[in-house]
Structures are given as C-alpha cells and as structure tokens.
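These numbers come from a predicted model, not from an experiment. Convention: sequence-line order gives letters A, B, ...; per-chain numbering from 1.
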Number of protein chains: 2
Amino acid sequence: MKILLIEDEAEMRKVIIESLEKERFLVETAHDFHAAWDKISTYDYDCILLDIMLPGGSGLSLLDELKKMKKQKSVIIISAKNSVDDKVKGLNLGADDYLAKPFHLAELTARVKSVIRRRTLEGHAVIELKNVSIDMDNHTVHVQNQPLTLNRKEFDILSYFVSNKNRLINKTALAEHIWGDHTDQSDDFEFIYSQIKNLRKKLKDSGADLEIQAVYGLGYKLVTD
Amino acid sequence: MKILLIEDEAEMRKVIIESLEKERFLVETAHDFHAAWDKISTYDYDCILLDIMLPGGSGLSLLDELKKMKKQKSVIIISAKNSVDDKVKGLNLGADDYLAKPFHLAELTARVKSVIRRRTLEGHAVIELKNVSIDMDNHTVHVQNQPLTLNRKEFDILSYFVSNKNRLINKTALAEHIWGDHTDQSDDFEFIYSQIKNLRKKLKDSGADLEIQAVYGLGYKLVTD
DNA sequence: TCTTCTATCAGTAGTATTTTCATTTGACCT
DNA sequence: AGGTCAAATGAAAATACTACTGATAGAAGA
C-alpha cells in the first residue's frame with residue numbers, strides 16, 4: 001500500500017513516516033504543493049495525507065483539483081486548524097477524513113487503514129480468493145487454514161495482484177506500486193523476477209489455487225484457475 | 001525516426017544513444033563537424049542534436065550552413081554554455097530548441113519528440129489517415145478503433161509511408177530511413193520485401209483502407225484509395 | 001551478533017522479430 | 001510471345017528480446 005504524505009515540517013514528516021512504515025506502508029513524501037501535484041499526476045497512491053497549511057497555497061485548492069480528476073483518490077486531511085469550518089470545507093471537497101493536530105500516531109494509522117479499506121477493499125480487511133485468505137490488516141496469509149509466511153515484498157505483491165485479479169499488470173506499474181519512486185527511469189526489472197519467483201514457489205508449495213501468469217512482453221496476471 | 005547526434009565526448013554519446021534507442025529512435029552519430037556535414041548532406045534526418053562546443057569549429061557555423069539549405073532541418077542544440085547570448089544566437093540561426101548541459105535524459109527525449117512532432121506532424125502525435133490512426137509517441141496503431149499490433153520495423157515503415165502519403169518512396173531512401181546506414185552500398189532489398197509483405201498482410205487483415213503499392217523499378221507509394 | 005530479507009548476477013530457456021533463401025509471380029520491353 | 005529483371009511469397013535460419021532460475025552478496029532486522 002502506497003501513501004503520499006504532503007507535509008512541510010521535517011520533524012512531522014519523520015515521525016509520521018516512521019509510524020506508517022512500521023505498519024508496512026510504502027511512504028513517499030512531497031514538501032510542497034507543486035511537488036505533490038507532480039507526484040499525484042504521475043503515480044498512483046492508495047491514500048494521500050494532506051497537510052493543508054503549507055507554504056505555497058492552501059491544500060484545499062489541491063483537493064479541488066483532485067476532485068476534478070477522473071480517478072478518485074483517498075485523502076485524509078491533517079491540519080493544525082481545528083475549526084469546524086475547515087473540516088466541513090475539506091470534507092465537502094471530497095476528503096475522506098480529517099485529523100486535527102496534534103493527534104496520536106496510532107489514530108493516524110488507524111484512519112489510514114480504515115480509509116484504504118473503505119475505498120479499495122470494499123470494507124473488508126480480509127480478502128478470500130479460492131482457497132487463499134489474505135488479511136490486509138495483519139499482513140498474514142492462510143491457505144486452506146494453514147498459515148503461509150510471506151515476507152514483506154511477497155505479501156505486497158500478492159495483495160496487489162489479488163485486488164487486481166485477472167487483470168493485466170504491467171511491470172512498470174507493479175514496480176511503482178511495490179517499490180515506489182526509486183525505480184524511476186530504470187527499465188531493468190530483475191528485482192521483480194526474483195520476488196515473483198519466490199512468491200510463486202510459496203503459493204505452489206502451499207497448494208494455493210492461485211497462479212501468477214506472465215504475459216509475454218506486457219506483464220503479469222493473476223489467474224484464478 | 002532517424003536522429004543524428006553530433007557530439008565528441010564518447011561517454012555523453014553513449015548515454016544519449018542508449019536513451020534515444022530505448023525510445024525506438026534510430027540514432028547515428030558524428031564526432032566532428034566534418035563528419036556531421038557529410039552525413040547531413042547525404043542522408044535525411046528527422047532531428048539533429050548538435051553540441052556546439054566541438055573541436056573543429058563552432059556549431060553555430062554549421063547551423064548557419066544548414067539554414068542555407070533548401071530543406072529545413074529540425075535542430076536541437078545541446079551545450080555546456082548556458083549563456084543567454086548563445087541561446088539567442090542558436091535560436092536565431094534556426095535551431096528549434098536549446099538544452100543546457102547537464103540535462104535529464106528524459107527531458108532530452110521529450111524535446112526530441114516535441115520537435116519532431118512540431119515539424120513533421122504540425123502538432124499532433126497521432127496521425128489519422130482514412131480509418132487508421134497512428135500514435136507516434138506510443139508506437140501504436142488502431143484501425144477502426146481496434147488495436148493493430150505491428151512490430152518495430154513494420155511500425156517504422158508504416159509511419160514513414162503515412163507521413164509521405166501518395167508520394168513515391170524509392171527503396172534506397174526507405175532502406176536508409178528505416179535501417180540506417182549499415183545498408184550503405186548494398187543493392188539487395190530482400191529485407192524490404194519481407195517487411196512490406198507482412199505489413200501489407202496486417203493492414204489488409206485489419207481492414208485498413210491503406211494500400212502500399214509497388215511502382216515498378218522505382219519504389220513504393222502509399223495510396224489512400 | 002546471527003538471521004532473514006532483498007537485490008543483483010550470470011547463465012539458460014522460451015518466445016518474438018528480423019533476415020535470408022529458394023522459388024514463383026508479374027511487369028516491362030522489343 | 002519470350003526474355004529479363006523487379007517484386008512477392010512461404011519457409012527456414014539467424015538474431016534479438018523477455019522471462020526464469022539458482023546462487024550469492026549486501027542490507028535490514030531481531
């Protein structure tokens with residue numbers, strides 16, 4: 001799960017990133033609105049955390065732009081302004097939640113999870129597919145009620161595939177979603193191969209009825225037999 | 001699309017060529033002005049990348065010569081000199097764009113594409129002809145809104161024909177443009193026949209209203225019924 | 001520290017693309 | 001019509017890409 005944090009204060013960023021990474025989110029940051037807009041228009045995020053008090057313009061206008069986009073985004077506003085007015089404005093402009101500073105980090109991660117669940121998982125934290133069940137909150141996988149231990153990347157990849165089952169996923173999108181923007185202008189996808197390989201092996205050994213198929217020259221697709 | 005890169009530093013050449021070839025351009029190089037001039041006067045390029053700081057004379061004089069030619073060329077200047085003066089001089093002498101070193105390779109390819117688009121297609125990256133539409137950026141072709149998959153050479157040939165529709169194209173020019181200068185003094189055009197054949201078949205099978213006609217002893221011509 | 005996870009390398013198999021070959025078809029000219 | 005060369009064809013061979021694998025070294029985590 002990929003999150004964009006738009007926040008100018010370094011200390012605040014640091015502490016939020018830390019807490020989200022502990023929960024196994026992939027976090028990217030933007031320090032101002034310009035950078036934020038760049039990232040939003042090029043990449044795809046599962047959730048956007050937006051501090052509306054930034055130098056360079058109000059976050060509300062960014063929210064407004066977002067609303068105009070075809071693709072709906074999940075946004076949580078974080079702000080020192082705790083006026084009811086701002087909250088209402090934000091939510092009207094399509095934000096999914098609003099969190100006033102100061103807040104507990106536990107609360108932030110809880111809201112993030114909840115928003116993502118609502119938007120991308122239709123409310124369920126556990127996805128069942130064939131004989132596989134995937135708990136998106138606890139990051140655990142069971143096959144025929146037997147636990148299957150996947151490491152971080154394997155889990156991320158599997159959950160991405162599962163929530164896009166039977167759909168073609170090209171390697172650029174996969175790399176972006178799982179590895180983030182450090183893979184910017186690379187066209188070498190060796191690192192994908194080795195993860196796919198291990199994941200396939202584990203799925204097969206556990207008897208899962210899921211198969212990750214390669215689509216030559218294009219990408220991968222999760223087929224559910 | 002054929003590009004001439006005039007640049008003396010080997011490392012610079014290497015990295016630029018790599019990035020352009022990734023975008024499916026056909027790149028040829030000249031290490032100095034003399035060689036550059038030779039190539040320009042014998043071959044036809046869609047875009048010329050010119051480093052004005054070369055041993056053997058300023059690139060500005062070459063630009064000047066170019067301007068005198070009948071046939072307008074698309075030129076992008078790349079230079080370490082980032083003075084406004086040089087930029088102005090260059091653009092006055094007919095360069096289409098100016099890029100100061102160091103630059104992002106992504107930026108270079110973007111500018112090349114944009115210049116080519118501006119010159120050859122009057123602003124559109126997508127050419128529509130009869131019931132066929134050709135996306136020069138994404139290298140895709142659609143016939144009646146159905147995608148038509150062409151491989152690299154087929155696409156190159158089709159786009160060359162389309163941007164020279166109803167005009168006679170002799171085989172030497174075609175070979176030069178699509179295959180580059182490795183076919184210099186060969187008079188064997190078997191490799192063309194094969195590609196033409198496959199392209200024709202695909203066009204016909206997809207129901208495209210385009211026909212590549214042979215003109216006996218001279219070359220080919222794309223006729224639009 | 002030791003263990004686990006992740007990225008990279010070198011080699012290989014599998015698949016698609018491009019060129020070559022041998023042969024046939026068709027156009028042009030006298 | 002018949003000779004000659006250009007062009008087209010199907011198939012095979014050569015080349016270039018893409019994906020996969022096992023091994024391993026480096027990074028991260030316990």
Side-chain angles (χ1 to χ4, degrees), chain A residues 17-18 21-24 26-27 139-141 148-158 161 168-172 174-184 186-205 211-223, chain B residues 18 21-24 26 139 141 148-158 160-161 168-172 174-175 177-180 182-184 186-205 211-223:
Chain A
I17 289 173
E18 208 168 87
E21 289 188 336
K22 206 166 288 164
E23 296 287 329
R24 305 197 146 195
L26 182 67
V27 187
H139 289 259
T140 55
V141 178
L148 172 62
T149 54
L150 298 182
N151 54 36
R152 192 206 205 92
K153 288 273 181 284
E154 288 163 356
F155 180 87
D156 287 352
I157 293 172
L158 179 62
F161 273 113
L168 177 77
I169 295 170
N170 73 6
K171 280 187 287 195
T172 315
L174 182 63
E176 235 162 55
H177 209 269
I178 309 296
W179 279 267
D181 55 5
H182 88 90
T183 53
D184 256 1
S186 159
D187 60 339
D188 173 25
F189 294 116
E190 283 292 314
F191 51 89
I192 292 183
Y193 294 144
S194 95
Q195 294 295 341
I196 294 279
K197 178 186 49 170
N198 296 333
L199 178 52
R200 275 175 173 157
K201 180 163 169 43
K202 286 187 182 177
L203 287 175
K204 197 177 169 202
D205 290 355
E211 198 196 337
I212 296 171
Q213 279 187 354
V215 182
Y216 193 92
L218 297 172
Y220 292 94
K221 190 194 255 190
L222 183 80
V223 295
Chain B
E18 207 167 88
E21 288 188 337
K22 207 166 287 165
E23 298 287 330
R24 304 196 148 192
L26 182 68
H139 288 258
V141 178
L148 173 61
T149 55
L150 299 182
N151 53 34
R152 192 204 207 94
K153 286 272 182 286
E154 289 162 356
F155 181 87
D156 287 352
I157 293 172
L158 179 62
Y160 187 47
F161 273 113
L168 176 76
I169 296 169
N170 74 4
K171 280 185 290 193
T172 316
L174 182 62
H177 210 271
I178 308 296
W179 278 266
H182 87 92
T183 52
D184 256 1
S186 160
D187 56 342
D188 173 23
F189 295 117
E190 281 296 313
F191 50 89
I192 292 183
Y193 294 144
S194 255
Q195 296 293 345
I196 295 279
K197 176 187 52 167
N198 295 333
L199 180 52
R200 276 173 172 159
K201 179 164 167 45
K202 285 188 182 177
L203 286 175
K204 197 175 167 204
D205 289 355
E211 201 195 334
I212 296 171
Q213 279 186 356
V215 182
Y216 193 90
L218 297 172
Y220 292 95
K221 187 194 261 189
L222 183 80
V223 295

inquiry  = Can you tell me how far apart CG (A/L150) and CD1 (A/I157) are? Round to the nearest 0.5 Å.
reply    = 10.0 Å
message = What does the B/S/- profile of nucleotides 21-30 of chain C look like, 5' to 3', with a 4.0 Å heavy-atom cutoff to protein?
response = BB---BBS--
query = With under 30° as parallel and over 60° as perpendicular, where do the rings of A/Y220 and A/F161 fit, or are they tilted in between?
reply = perpendicular
request  = Write down the distance between NZ (A/K22) and C1' (D/dA28), rounded to a whole number of angstrom.
outcome  = 15 Å
ask   = Any idea which of D/dA6, D/dC20, C/dT6 is nearest the B/Y193 side chain?
value = D/dA6
Residue from B/T172, B/L174, B/I196 passing side chain to side chain contact (heavy atoms under 4.5 Å, CB included) with B/F189 = B/T172
message = Under 4.0 Å, counting only non-hydrogen atoms across every strand here, what does B/Q195 touch: a base, just sugar-phosphate, or nothing?
response = base
task = State which of D/dA8, C/dT6, D/dT21 makes the closest approach to the side chain of A/N151.
result = C/dT6
task = Please name all residues satisfying side-chain contact (heavy atoms from CB on, under 4.5 Å) with B/V215, sequence neighbours left out, ordered by chain then number.
result = B/L168, B/L218, B/K221
query = B/K153 near the nucleic acid: base, sugar-phosphate alone, or nothing, with a heavy-atom cut-off under 4.0 Å?
reply = sugar-phosphate
request  = For B/F155, report the nucleic acid contact type (base, sugar-phosphate, nothing); a contact means any heavy atom under 4.0 Å.
outcome  = nothing
remark   = Here the pair of heavy atoms bringing B/H139 nearest to B/R24 is CE1-CB, 3.7 Å
message = Please give me the minimum heavy-atom distance between B/K153 and B/I178, naming the atom from each residue.
response = CD-CG2, 3.8 Å
request  = Using a cut-off of strictly less than 4.0 Å, decide whether B/R152 has a side-chain nitrogen or oxygen near OP1 or OP2 of C/dA16.
outcome  = no
message = Using every non-hydrogen atom in the two residues, find where A/L26 and A/H177 come nearest and quote the distance to one decimal.
response = CD2-O, 3.5 Å
task = May I have the distance from A/F191 (atom CZ) to D/dT21 (atom P), rounded to whole angstrom?
result = 18 Å
ask   = Separation of B/N198 atom CG from D/dA11 atom P, in whole Å?
value = 12 Å
remark   = To the nearest angstrom, the NZ-C1' distance between B/K197 and C/dT18 comes to 11 Å
task = Using whole Å, report how far CG of A/L199 lies from C1' of C/dC5.
result = 14 Å
inquiry  = For a 4.5 angstrom cut-off between non-hydrogen side-chain atoms, does B/L148 reach B/L203?
reply    = yes
inquiry  = How many whole angstroms separate atom NZ of A/K201 from atom P of D/dT21?
reply    = 10 Å
Nearest-Å distance for atom pair CD/C1', residues A/E21 and D/dA28 = 12 Å
key: Student check: side-chain heavy atoms of A/N151 and A/Q195 closer than 4.5 Å   = yes
key: C/dA7 phosphate, OP1 or OP2, under 4.0 Å from A/W179 side-chain N/O   = yes
note = In terms of heavy-atom contacts, A/R152 and A/E21 come closest through NH2-O, 3.3 Å
note = Taken to the nearest whole Å, CZ/A/R24 to C1'/C/dC5 is 10 Å
query = Quantified as the angle between the terminal helix axes (five pairs each), what is the overall bend of the helix from C/dT1-D/dA30 to C/dT30-D/dA1 to 10 degrees?
reply = 30°
